[in-house]
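Structure first, commentary second.
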Amino acid sequence: LMYVLALAGFGLEDGSFVKHGYNLFAAVTRGKGPLSRDRLRFAAGDLEALQAEGRFPSGFNARQGLDGDFWAWNWRWTQPPVEVEPHPKTLQKTPPYKMALIVPWLTKGRGGTENVGHMMANAMAERGHEVHVFTFDDNKAPSKWPLHESILLHYLPEDEAEKGDGQMLLAMADLSPDVIIGLHMNRTLLRYAKCATKLKIPLVLSEHIDPRLPERDGKFTKQERLMAFHAATRIHLLLGEYKAGLPTYIKSKIKTIPNTVPPAQKLASPANANGKKILLTVARFVSRKNTDYLIRAFAIAAEQVSDWHLHIMGYGPQEQVLKKLAVGLPCNDRIKFLGVGYPYDVLPNAHLFAIPSVIEGFPLTNLEAMAHGLPTIGFRCCKSVSAQLIDGKTGLLVSGTPGNTDFIDKLLQLMTNEKLREAMGKAALERYKKHYSNEVINNTWEKMFSEAVTDFEPIMRSTPRQMIDSELNKYVFGGSLK
């Protein structure tokens, strides 16, 4: 800096210079003007020539090879400059906020994460926040879910490599939101953490799965989950049990908020003492949903209850296998596949709901059944289902796993007792209104997002010494996070 100022002809004789971090400051006078160009080479020898002309500060010995990395010269104050933190009130953002929600496959899928994501976005838009929704789609198709008219839909590349991360970073930097809210159920949460950390933007990570499943499938290890959660300002989990194994400082950032679904436009009548009755299930046709078990269980129960029919709404890779299974059963004329549709169109006509999964995040399908006043049968070993149901009051929970006869026995108990179905249906509706209604959940979502903004503390890049300490720690004590 001294060299450049001296070349330009400023007076450095009584100048003051100081360095603070990456910032350099100089206070100099107008000076005599630059030396003639024939006296300078803009290379080795210039420092000595300028020194001979008295163009450097008094007492400063400018010469080739001088280590110029010093804190100050002729600095007039008695202490180095100190970075003063502004009072939080001067920088604190206030609502409404500019929110960026990352909802995967909003234009491609009709899964639970996409469903919750669009409800979350719409709820915040209706409350006056500026909402931007990002989704992964190279073809830039329209959303499969209805979005509030004020919401802008942005497209991120499907590429999960470094190039895709870079484009996500640029998109978020261009928008500069007050908070990023990322929904997912695997290591994509770590990509959101990388983006928000680099941009120093508050981050809410919303995990929509029982963490045992992605860990078992190798899609999100404990170490990856811990790193992602470390970067988040707030963490949204669906059940308190999903905190297990996380350190205390991570748990302090967690908010346990269940899913929500819209209220029913028309309630079901689960009693229906006379006439055709419908056992309904709504699921994606994959192995962990155990729809095949439900079909077999219904076939056994159907031998004792001739007025019951099984209706199955959904789609997925096992669809043809399930249809083939149903065709080969004696009661095949009482099993109907409804295809892809809106559950609210068929729930009012059902009399009992079944969810035979053994692992779920926090299933929306059962909440939808509760919102319509339907009792449910499910497995106790599924943590989220057992959290939603009150055994013996809003439905029946079956101990063990698919394969025993308890499920069939309890299924028949509900099928043959219309008063029990009616009482449980009413209790299920009341539980929905108290714990899972839109108003209850939307309030807690908004509070969590606000806390993420006001409590945000950016993660700073490690110094070289901290990096070496970390590498030494790994070498001495091992590299895995426990």
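Only a predicted model underlies this, so the values are computations on that prediction, with no experimental measurement involved.
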For the residue pair E368 / T365, report whether a side-chain donor-acceptor contact shorter than 3.5 Å exists. no

For F379 together with F407, are the ring centres under 6.0 Å from each other? yes

Ignoring hydrogens and angles, tell me if any N or O in the side chain of R288 forms a donor-acceptor pair with the backbone of I359 under 3.5 Å. yes

Can the ring centres of H372 and Y344 be said to be less than 6.0 Å apart? yes

Checking D210 side chain against L239 main chain: does a donor-acceptor pair fall under 3.5 Å? no

Taking atom types as modelled, find out whether D137 and T135 have a side-chain donor-acceptor pair closer than 3.5 angstrom. no

Is T260 reaching over with its side chain to a backbone N or O of Y436, donor-acceptor style, under 3.5 angstrom? yes

Between D455 and R234, is the salt bridge (charged side-chain N to carboxylate O under 4.0 Å, His left out) condition met? List the steps. CA-CA 9 Å; D455 295 350; R234 284 293 182 273; 2.6 Å; yes

V282 versus P343: any side-chain heavy-atom pair under 4.5 Å? yes

Backbone N or O of M120 within a donor-acceptor pair of the N442 side chain at under 3.5 Å? no

Centre of W145's six-membered ring, under 6.0 Å away, within 45 degrees of the axis: is that where NZ or CZ of R110 sits? yes

Quick check for you: to the nearest 0.5 Å, what is the distance between K194 atom NZ and M168 atom CE? 9.5 Å

Show the numbers, then the answer: is there a side chain to side chain contact (heavy atoms under 4.5 Å, CB included) between L147 and N122? CA-CA 6 Å; L147 295 176; N122 288 340; 4.1 Å; yes

Can you establish whether the number of heavy atoms outside K426 located under 6.0 Å from its atom NZ is more than 12? no

Enter the distance from H351:NE2 to K276:NZ here, rounded to the nearest 0.5 Å. 9.5 Å

Close side-chain approach of F220 to E215, heavy-atom, < 4.5 Å: no

Verify, without hydrogens or angle tests, whether T463 (side chain) and Q466 (backbone) share a donor-acceptor contact under 3.5 angstrom. yes

K98 atom NZ: more than 12 heavy-atom contacts under 6.0 Å: yes

Is the F337 ring parallel, tilted or perpendicular to the F285 ring (thresholds 30°, 60°)? perpendicular

Between H129 and P95 the two heavy atoms that sit nearest each other are CE1-CB, 4.1 Å

Side-chain (R421) to main-chain (P270) donor-acceptor, under 3.5 angstrom: yes

Taking S252 for the side chain and Y249 for the main chain, is one N or O donor matched with an acceptor at less than 3.5 Å? yes

Does the side chain of K253 come within less than 4.5 Å of F229's, by heavy atoms? no

Checking side-chain polar atoms at under 3.5 Å, does H435 have a donor or acceptor matched by the opposite partner on Q388? no

Go through the steps for I312 and L338 under the test side chain to side chain contact (heavy atoms under 4.5 Å, CB included), then give the verdict. CA-CA 6 Å; I312 304 169; L338 305 178; over 6 Å; no

Could you check whether any side-chain heavy atom of V28 comes within less than 4.5 Å of a side-chain heavy atom of F17, counting everything from C-beta outward? yes

Is the number of heavy atoms from other residues, nucleotides or ligands under 6.0 Å of K393 NZ greater than 12? no

Closest non-hydrogen contact found for T107 with L153 is CG2-CD2, 4.3 Å

Salt bridge K108-E114, side-chain N to carboxylate O under 4.0 Å: no

To the nearest 0.5 Å, what is the distance between CG (N366) and CG (L389)? 5.0 Å

Please give me the minimum heavy-atom distance between G240 and T256, naming the atom from each residue. N-CG2, 3.5 Å

Are side-chain heavy atoms of M185 and P214 found at a separation under 4.5 Å? no

Between T221 (side chain) and E224 (backbone), is there a donor-acceptor pair under 3.5 Å? yes

Reported OH-to-NE2 distance for the pair Y242 and H236, which is rounded to 0.5 angstrom: 11.0 Å

Given side chain to side chain contact (heavy atoms under 4.5 Å, CB included), test I355 with T281 step by step and report yes or no. CA-CA 6 Å; I355 179 165; T281 190; 5.6 Å; no

Is the W105 ring parallel, tilted or perpendicular to the F136 ring (thresholds 30°, 60°)? tilted

Does L329 reach the side chain of R296, with side-chain heavy atoms less than 4.5 Å apart? no

Just so I know, are the side chains of L414 and L420 near enough to count as touching, which here means a heavy-atom distance under 4.5 Å? yes

More than 12 non-hydrogen atoms from neighbouring residues, nucleotides or ligands closer than 6.0 Å to CD on Q167, yes or no? yes

Taking C-beta and beyond as the side chain, do S437 and P263 meet within less than 4.5 Å on heavy atoms? no

Shortest non-hydrogen contact between P363 and V385, atoms and distance: CG-CG2, 4.0 Å

Before accepting this row, confirm whether a basic side-chain N of the pair E319/K323 lies closer than 4.0 Å to the acidic partner's carboxylate O. yes

CG/L374 to CG/L280 distance, rounded to the nearest 0.5 angstrom? 7.5 Å

Minimum-distance pair of heavy atoms, taken over all atoms of V179 and V204: CG2-CG2, 4.1 Å

Would you confirm whether N186, through its side chain, and T188, through its main-chain N or O, come within 3.5 Å as a donor-acceptor pair? yes

Could you walk me through whether K383 and E360 pass salt bridge (charged side-chain N to carboxylate O under 4.0 Å, His left out), step by step? CA-CA 8 Å; K383 291 182 178 181; E360 288 277 359; over 6 Å; no

Keeping R334 on the side-chain end and W308 on the backbone end, is there a donor-acceptor pair under 3.5 Å? yes

Verify whether one side chain among N443 and R127 offers a donor that lies under 3.5 Å from an acceptor in the other. yes

Enter the distance from I295:CD1 to T291:OG1 here, rounded to the nearest 0.5 Å. 6.5 Å

